[in-house]
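All values below were derived from every heavy atom in this structure, side-chain atoms included, with hydrogens, water molecules and symmetry-related copies excluded. Just so you know, these numbers come straight off a predicted model, no measurement behind them.
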Amino acid sequence: MDWIGETVDSIKSLQIRQVLTQAVSLGMIVTSALIIWKALMCVTGSESPVVVVLSGSMEPGFKRGDILFLHMSKDPIRAGEIVVFNVDGREIPIVHRVIKVHEQQDTGEVDVLTKGDNNYGDDRLLYAHGQLWLQRHHIMGRAVGFLPYVGWVTIIMTEKPIIKYILIGALGLLVITSKD
């Protein structure tokens, strides 16, 4: 309980110059994170270079909470590759394996059919109504690496928002009360 009193006293003793310095430091941290994210987007060619696996549909290869690193190149997509795609009408991207590739003879464009490794059937029920194949514009990237379990932080903060607000508040307090 003594810690709370010390924190309140520390906040009261701050001068306007210290508060402005801390605010600028916080702004620089946020700006740096955004710059790094945009640079990763440019390097990987993917609109989202890092995604979290949110379900068990790709087990045993990828488990819920794994973080996937994506890359999107001009190379044609092949059967067996793991891709992350968006479906029209859904906000959350899906991580599944390409099981069939269909090349259109007239245009040369490649359409793909996907399936979760742990699912019984293909993903046509997940696609938009009447859609049988995914086109290239649906695909956000190919999985090129992963970190196991690290994405649980994101899942917990999404499922229990109070934890996210407590963490943000604690970090904000830490930034405001630091004397550097």
> To the nearest 0.5 Å, what is the distance between NZ on Lys164 and OG1 on Thr154?
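Output value for this atom pair is 10.0 Å.
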> Output yes when a side-chain donor or acceptor of Trp152 lies under 3.5 Å from a complementary backbone atom of Arg64, and no otherwise.
yes
> Given a cutoff of under 4.5 Å between side-chain heavy atoms of I, L, V, M, F, W and Y, with clusters grown through shared members, what are the other residues clustered with Leu132?
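In the cluster with Leu132 are Met72, Ile77, Val83, Phe85, Val87, Ile94, Val98, Ile99, Val101, Val110, Val112, Leu113, Leu126, Tyr127, Trp133, Leu134, Ile139.
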> Output yes when a side-chain donor or acceptor of Arg97 lies under 3.5 Å from a complementary backbone atom of Gly80, and no otherwise.
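Checked: pair present.
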> Main chain of Met140, side chain of Ser46: is a donor-acceptor contact present, judged purely on distance under 3.5 Å?
yes
> Kindly say whether Gly56 contributes a backbone atom to a donor-acceptor pair with the side chain of Asn118 at under 3.5 angstrom?
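A pair under 3.5 Å: yes.
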> Which of these passes side chain to side chain contact (heavy atoms under 4.5 Å, CB included) with Glu159: Ile156, Ile163, Ile155?
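One option only clears the test, and that one is Ile155.
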> With clusters built from Ile, Leu, Val, Met, Phe, Trp and Tyr whose side-chain heavy atoms come within less than 4.5 Å, directly or transitively, what are the remaining members of the cluster of Ile36, listed by chain and number?
Leu40
> What heavy-atom pair brings Pro76 and Arg78 nearest, and what distance separates the two atoms?
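Distance-wise, the nearest heavy atoms are CG-NH2, 3.3 Å.
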> Are any of the side-chain heavy atoms of Trp37 and Ser48 separated by less than 4.5 Å?
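When only atoms from C-beta onward are counted, Ser48 and Trp37 do touch, with a gap below 4.5 Å.
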> Kindly work out whether a path of hydrophobic side-chain contacts (I/L/V/M/F/W/Y, heavy atoms less than 4.5 Å apart) joins Ile92 to Val50.
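In one cluster: yes.
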> So how far is it from Asp66 CG to Lys63 NZ, rounded to the nearest 0.5 Å?
7.5 Å
> Can you tell me how far apart CG (Asp111) and CD (Glu109) are? Round to the nearest 0.5 Å.
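Answer rounded to 0.5 Å: 7.0 Å.
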